[in-house]
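Each chain gets a letter, A, B and so on, in the order its sequence line appears, and its residues count up from 1. Excluded from the calculations below are hydrogen atoms, water molecules and symmetry mates; all remaining heavy atoms, backbone and side chain alike, are included.
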Amino acid sequence: MKDVGFGAALLLLSAGYYALAAALPETRLADATGPDGLPKIYALLLASLSLMLLVRSLRERHGRGDEAATSSRLHPRVRSAAGTLAIGAGYVVLAPWLGYAPALAGLLFTTAWSQRTGGESLGAVAIVSVCGAVFCWVLFVLVMGIPQPPGLWRRLL
Amino acid sequence: MIGSLAAAFSLSMVPAAFGGVTWGILGGALPGISPSITMALLLPFTYGMDPTAAVVLLASSYVGAEYGGSIPAILIRTPGTNAAAATVIDGYAMKEQGKAGEALGISLYSGFVGGLFGLVVLIALARPLSRMALAFTPMAYFALGVLGLSVIASVSGDSLIKGAMSGLVGLIVSTVGTDPVTGLNRFTFGSPQLLSGIPPILVMVGLFAVGELLAQSGEPGWTPATGASVRIRFPSAALWRRIAKPQLIGSVMGTIEGVMPGGGGTISAFLAYNEARRWSRHKEEFGKGSPEGVAAPEAANNTLACTALIPMLSLGIPSSNSSAVLLGGFLIHGLVPGPLLFVQHPDVVNGLYAGLLVANIAMVVVGYLIMMPCLWLVNRPKPYLTAFIYAFVVSGVYSIEASLFHVAVTLGFGVVGYLFRSLGVPLLPMVLGVVLGFMVESNYRRSLALSGGDHLAILRDPIAAALLALALIFLVTSIVRHLSGHERQQARR
């Protein structure tokens, strides 16, 4: 079932990519291949392989009784991964406003808290997160001189 | 050889080598953090560094990670890296017999021997191979890119179709940005940040580091390491003599697998283990705590950390995840591995050799001193470790061009890496596609411009024709080997 989904997704990707390549404007500087030449070949190759995978997977799909059990076992892990990704996305959105250290403290706290195994208290996670963010700020910004998002409040000062 | 190493030696590479080895050992000691992830996490921070120090830092972290992987393998029966899986067998058995310190000492010493062996082979082979490639025309470069892409067939694991699809996705990613011939913007969706394309570094950090973070987020933590008082004990003179042969076997295996595209540390470690058992006078001890069973795979791992750089440095073709990340380190400093690297930047190449020598010495020193911090780190709660690795990823990627857009793109490739892992799709083909895509397209179209649009002109260039023939042979043999393996699997069922 997973391979069917993968094949279908990449078939869609190849179709969309081909359409975008075909829509590239013509240019007088174009060579024999053109800017759309190789992209179209890549799209066609990917579409062919996706179809092969789809056909093979659909043929092999029969007689697999354990698929449902496998996919239901996967759910908590997928949720966990989606949560971790959302934390990163939250950092991207908030860092320009909050600045590096507060946004990083938020990232550290939410990541550690969402993955706690039971032994960590809220206070301990909060303290480690704040200390971790300060450590990273000192290391990257002060010691190594690597720029990080300054945040809105820095601009107001 | 010694003269050029001495000339290339500079004081700035010593902290880079020591820092890289320390980072590598710590990263390698953490189960689930492979050498390539350890290097990918470090990659963005090398952006503002001196190019030689940057590549030495990355290569040294590779060297360190190969040893670091053996620490949890010996202490908690969990290999820190895939390549350390063979070390678990006898390393953990030795630990159960109260010889953990001795096993770690053998691992460290064998890694040092293997690393030096690999460095000598690297220096001996990389430059002659690159000299051959100095006569390359754009047609030959195109063919070289195709040869590099043919590696996909051997690194595709169980499914050749999925490997090829992964490679094509990488090639598609490489077409984003300004067209190399006409200057037309392609697939940028009006975003000025995509005009210069998607930097390979974002793809690598996303696929390897973020993808692994997402995959690990739903996994339980590992068993804490016991024996906090473990002290490394280097082998006695009698043991030195006993493990010399398995070390040589491991070094030879590491050389063969390192030069072969897609060979990988895991294969070389297990091959070395098997061969060491076959040639041993104490076969019966294997699996029950044999020092030779630790020495052979560890020598193989560290030999491979150097020999895997041969195709990458001389031809610009990465043969493993780690060498692909190191290639990314070269690219972000405007250095293009391949024949011209040896002509245009001999200082960087010689500096890398000297840095690797320092790194192997540093591995012994740091490996001995860092035991306690390593154990402390391995015993930290996994949620904190995950959170700090995440913090390093977002901080490092932002620092490349002070761009949160880059962080978002990296997270996007993290999702791709996570999905590919979950679906059993190999990641290296995609990296190869991203890294080699531009080389293939720009040189193909340049060849057409030179030949007046004659596609067959490529076949009339002797070097290009030879490389394409080699790619074809490589592709066909990989497919045949894959199909015969598939048939054997079917027959077993």
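Using a 4.5 Å cut-off between heavy atoms, Val415(B) touches chain A through its side chain atoms alone. Only the side chain of Tyr100(A) comes within contact range of chain B, judged by heavy atoms closer than 4.5 Å. Contacts of Ala408(B) with chain A are made by both backbone and side-chain atoms, with heavy-atom separations under 4.5 Å. Proximity to chain B is limited to the side chain of Leu104(A), based on heavy atoms less than 4.5 angstrom apart. For Leu85(A), the parts sitting under 4.5 Å from any heavy atom of chain B are the backbone and the side chain alike. Heavy atoms of Leu448(B) lying under 4.5 Å from chain A belong exclusively to its side chain. Heavy-atom distances place the side chain of Tyr444(B), and not its backbone, under 4.5 Å from chain A. There is no contact between Ser114(A) and chain B, counting heavy-atom distances below 4.5 Å. Of the two parts of Val125(A), the backbone and the side chain both hold a non-hydrogen atom closer than 4.5 Å to a non-hydrogen atom of chain B. Heavy-atom distances place both the backbone and the side chain of Ala21(A) under 4.5 Å from chain B. Of the two parts of Ala105(A), neither the backbone nor the side chain holds a non-hydrogen atom closer than 4.5 Å to a non-hydrogen atom of chain B.
Scanning both residues, Arg77(A) and Tyr418(B), for their nearest heavy atoms gives O-OH, 3.7 Å. Here the shortest heavy-atom pairing between Ser217(B) and Thr84(A) reads CB-OG1, 3.2 Å. Taking both residues in full, the closest heavy atoms of Ala387(B) and Ala112(A) are given as CB-N, 4.0 Å, listed atom of the first, atom of the second, then distance. Pairing each heavy atom of Leu49(A) with each of Ala164(B), the nearest pair is CD1-CB, 3.6 Å. Here the closest heavy-atom approach between residue Pro39(A) and residue Glu441(B) is recorded as CD-OE2, 4.3 Å. A pairwise comparison of heavy atoms in Met165(B) and Gly7(A) identifies CE-CA, 4.4 Å as the closest pair.
Between the Lys2(A) side chain and the Ser422(B) main chain, a donor and an acceptor come within less than 3.5 Å of each other. The main-chain N or O of Ser395(B) is found under 3.5 Å from a side-chain atom of Gln148(A) such that the two form a donor-acceptor pair.
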* Under the side chain to side chain contact (heavy atoms under 4.5 Å, CB included) criterion, do Phe388(B) and Val128(A) qualify, and how do the steps go? -> CA-CA 10 Å; Phe388(B) 274 91; Val128(A) 170; 3.9 Å; yes
* Asked: Is there a side chain to side chain contact (heavy atoms under 4.5 Å, CB included) between Leu404(B) and Tyr91(A) once you walk through the steps?
  -> CA-CA 9 Å; Leu404(B) 281 166; Tyr91(A) 175 83; 4.1 Å; yes
* Please step through side chain to side chain contact (heavy atoms under 4.5 Å, CB included) for the pair Lys162(B) and Asp3(A), ending with a clear verdict. => CA-CA 9 Å; Lys162(B) 286 182 186 174; Asp3(A) 284 354; 2.9 Å; yes
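Taking chain B as the reference chain and counting heavy-atom pairs below 4.5 Å, the highest number among Gly83(A), Ala81(A), Ser50(A) is found for Ala81(A). Counting heavy-atom pairs closer than 4.5 Å to chain B, the top-ranked of the candidates Gly34(A), Gly5(A), Ala95(A), Ser14(A) is Gly34(A). Residue with the most contacts toward chain A among Leu419(B), Val407(B), Asn185(B), Val394(B): Val394(B) (heavy-atom pairs, distance under 4.5 Å). For the set Val210(B), Val440(B), Val425(B), the count of heavy-atom pairs under 4.5 angstrom toward chain A peaks at Val425(B). Contact tally against chain B (heavy-atom pairs below 4.5 Å) for Pro147(A), Ala89(A), Gly88(A): the top residue is Gly88(A).
The side-chain heavy atoms of Tyr398(B) and Val92(A), taken from C-beta on, include no pair separated by under 4.5 Å. With contacts defined as side-chain heavy-atom distances shorter than 4.5 Å, the pair Leu20(A)/Phe189(B) qualifies.
Residue Phe187(B) is tested with Tyr17(A), Tyr42(A), Tyr18(A) for a ring pair (Phe, Tyr, Trp, His ring centres under 6.0 Å); the sole match is Tyr17(A). For the pairing with Pro35(A), the side chain to side chain contact (heavy atoms under 4.5 Å, CB included) check across Thr182(B), Thr178(B), Val181(B), Thr175(B) returns one residue only, Thr182(B).
Rounding to the nearest 0.5 Å places CG of Leu171(B) at 11.0 Å from CD1 of Ile41(A). In this structure, the separation between CD1 on Ile172(B) and CG on Leu46(A) is 5.0 Å, given to the nearest 0.5 Å. Distance check, rounded to the nearest 0.5 Å: CG of Leu44(A) to CG of Leu168(B) gives 10.5 Å. Here the OH-CG distance, from Tyr390(B) to Leu108(A), works out to 11.5 Å after rounding to the nearest 0.5 Å.
For Gln193(B), the CD atom counts as densely surrounded, since its 6.0 Å shell holds more than 12 non-hydrogen atoms of other residues, nucleotides or ligands. For Phe405(B), the CZ atom is densely surrounded, since the number of other residues' heavy atoms within 6.0 Å is greater than 12.
The aromatic rings of Phe392(B) and Phe140(A) sit perpendicular, their planes meeting at an angle over 60°, well past the 30° parallel limit.
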